Amino acid sequence: MMKSFSRSLSFRGVSNPSSPKTCRINDSILSPRLTRASWISRLFRILVVAGSVVTFSGAIVVYFSVLPNFTQVFLGYGVSKIDGVPKSCNVFDGRWVVDDSYPLYNASECPFVEQGFNCLANGRTDENYLKWRWKPKSCEIPKVNVRSILELLRSKRIVFVGDSMSRTQWESLICLLMTGVDDKASVYEVNGNNITKQIRFLGVRFSSFNFTIEFYRSVFLVQHNWGIKRGPKRVRSALKLDKLDEISNEWIDSDVLIFNSGQWWVPGKLFGTGCYFQVRSSLRLGMSIDTAYSTALRTWASWVNTHIRPNKTRVFFRTFEPSHWRNLTMRLCNVTHHPLSDSGGKDRSEFSDTIMDVVKDMKVPIVATGACQECLMCGTKLSSHTCLLIMG
């Protein structure tokens, strides 16, 4: 039975965000105490490797982070090794190919796609940009067997926590899995809500298989406090870096728990809106964003170590990825037809480095993935980074 949850609006900044610095392509890091992956871990590895990453309404393409260590993955008929794939295979070394079997679902037929992400429905006329698939040079990325995945998720609870990057992946996974459901009406949002960024909780139930896929909007992961007293006039709110988000108790007892945070840790969405940092009762006006991010992640790590049972819940943390938008105005939409192929040297991120540094010493095993993302909103190249769009 899913817990009840009161809806509330999450913190919304009004300033334009700064462009994210980099996108890291990195091997997965597992904390030392992990001795073997559970079946649910392997399931989500293949969801990522196989490209449970799909296009929103023919407009936004996202992907589940690829985990390089996939000697054993779920292929739809049980657990086995991928024949002919060496452990050293670099899935990020390859090229784009056209695949006429794409897209993997029709976004206009999926009720869980946000209206703004349905570009074909919003007027785009060409569909060729939906056909691109990434082909590694020395290995193949297997496709997901949706029916088998649905069976493996039976009676499970999957939870995404983070910002819009988590929400769009949450939408994609639901739409992909719906292609294997005969009775579409058996899949529904538990509170009857439309998909919108303003609601802090969204949960979709696959009643025929008795599982839910939930999203909790928590862009900073820590608590946001509007009640600042005796502070400078420029301080309108503060992030309590030593307190995890007040909705965090809702994340406990999931079978798969997927976090991300980074897009909002930029000057425009913090200092530009009058939001600063707080530790206990003390404002830290001179604290840098990098230091605050590291402090918040260590608060998150402490919460995970205290509240998450490793024998019950598999935890992932997606590292930092590029923005939805190409420039600071959030209005540029130059329609393009081909994916980016040059990173321009921007292949690392301080955010990703911080995440990797934090999770390596955690008691609870964490899979921290190089979560690159290259979205196409109405066909636009949304950043100058090379973030491989891995699709099976």
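Start at 1 with the first residue, then count along the sequence. No experiment lies behind these values; they were computed from the predicted model shown. Computation of the quantities below employed the complete heavy-atom set of this structure, encompassing side-chain atoms and omitting hydrogens, waters and symmetry-equivalent molecules.
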(request) Check whether more than 12 heavy atoms from other residues, nucleotides or ligands sit under 6.0 Å from atom CG of Asn210, and answer yes or no. (result) yes

(request) Identify whether the distance between the nearest side-chain nitrogen and carboxylate oxygen of Lys137 and Asp93 falls below 4.0 Å. (result) yes

(request) Output, in order, the C-alpha distance, side-chain angles, deciding distance and verdict of salt bridge (Lys or Arg N to Asp or Glu O under 4.0 Å) for Glu189 and Arg205. (result) CA-CA 6 Å; Glu189 205 285 321; Arg205 180 169 178 77; over 6 Å; no

(request) Tell me whether the centres of the aromatic rings in Phe112 and Trp170 are closer together than 6.0 Å. (result) no

(message) So if I apply the ring-ring contact (aromatic ring centres under 6.0 Å, His included) rule between Tyr293 and each of Trp300, Trp265, Phe277, which one comes out positive?
(response) Trp265

(message) Would you compute the distance between atom CD of Glu151 and atom CZ of Arg147 and round it to the nearest 0.5 angstrom?
(response) 6.5 Å

(request) Check whether any side-chain heavy atom of Lys135 sits under 4.5 Å from a side-chain heavy atom of Arg133, and report yes or no. (result) yes

(message) For the backbone of Met362 and the side chain of Asn305, can you confirm whether one donor and one acceptor N or O come within less than 3.5 Å of each other?
(response) no

(request) Using modelled atom types only, decide if a donor and an acceptor are shared between the side chain of Ser302 and the backbone of Arg298 within a distance under 3.5 Å. (result) no

(message) Is the distance from the ring center of Phe160 to that of Phe215 below 6.0 Å?
(response) no

(request) Check whether any side-chain N or O of Ser254 sits under 3.5 Å from a backbone N or O of Val159 as a donor-acceptor pair, and report yes or no. (result) no

(request) Kindly give the heavy-atom pair with the smallest separation between His224 and Ser237, and that separation in Å. (result) NE2-OG, 2.9 Å

(request) Check for a donor-acceptor pair, side chain of Thr168 on one end and backbone N or O of Met165 on the other, with a separation under 3.5 Å. (result) yes

(message) Restricting to non-hydrogen atoms, name the atom on Glu140 and the atom on Pro142 that form the minimum distance, rounded to 0.1 Å.
(response) O-CD, 3.4 Å

(message) I need the minimum non-hydrogen distance between Gly231 and Leu283, along with the two atoms involved.
(response) CA-CD1, 4.2 Å

(request) Indicate the atoms forming the closest heavy-atom contact of Ile289 with Pro267, along with that distance. (result) CD1-N, 3.5 Å

(message) Working note: Glu246 + Arg200, criterion salt bridge (Lys or Arg N to Asp or Glu O under 4.0 Å); need CA distance, chi angles, decisive distance, verdict.
(response) CA-CA 12 Å; Glu246 61 271 12; Arg200 292 205 72 185; 3.6 Å; yes

(message) Using every non-hydrogen atom in the two residues, find where Pro136 and Asn90 come nearest and quote the distance to one decimal.
(response) CB-O, 4.3 Å

(request) Kindly give the heavy-atom pair with the smallest separation between Thr299 and Asp242, and that separation in Å. (result) OG1-CA, 3.5 Å

(message) Could you check whether Glu114 pairs with Arg167 (Lys NZ or Arg NE/NH1/NH2 to Asp/Glu carboxylate O, under 4.0 Å)?
(response) yes

(message) Measuring from atom CD1 of Ile158 to atom CZ of Phe211, what distance do you get when rounded to the nearest 0.5 angstrom?
(response) 7.5 Å

(request) For the residue pair Leu150 and Leu153, establish whether any side-chain heavy-atom pair is separated by less than 4.5 Å. (result) no

(message) Would the distance check show the side chain of Arg154 and the main-chain N or O of Ser208 forming a donor-acceptor pair, the cut-off being under 3.5 Å?
(response) yes

(message) Does the structure place the NZ or CZ of Arg234 under 6.0 Å from the centre of the six-membered ring of Tyr276, at an angle of no more than 45° from the ring's axis?
(response) yes

(request) Answer yes or no: is there a donor N or O on one side and an acceptor on the other, between the side chain of Thr212 and the main chain of Glu214, under 3.5 Å? (result) no

(message) For the backbone of Tyr105 and the side chain of Thr179, can you confirm whether one donor and one acceptor N or O come within less than 3.5 Å of each other?
(response) no

(request) Check for a donor-acceptor pair, side chain of Ser248 on one end and backbone N or O of Leu244 on the other, with a separation under 3.5 Å. (result) no

(request) Show your reasoning for whether salt bridge (Lys or Arg N to Asp or Glu O under 4.0 Å) applies to Arg157 and Asp255. (result) CA-CA 5 Å; Arg157 181 181 178 225; Asp255 294 284; over 6 Å; no

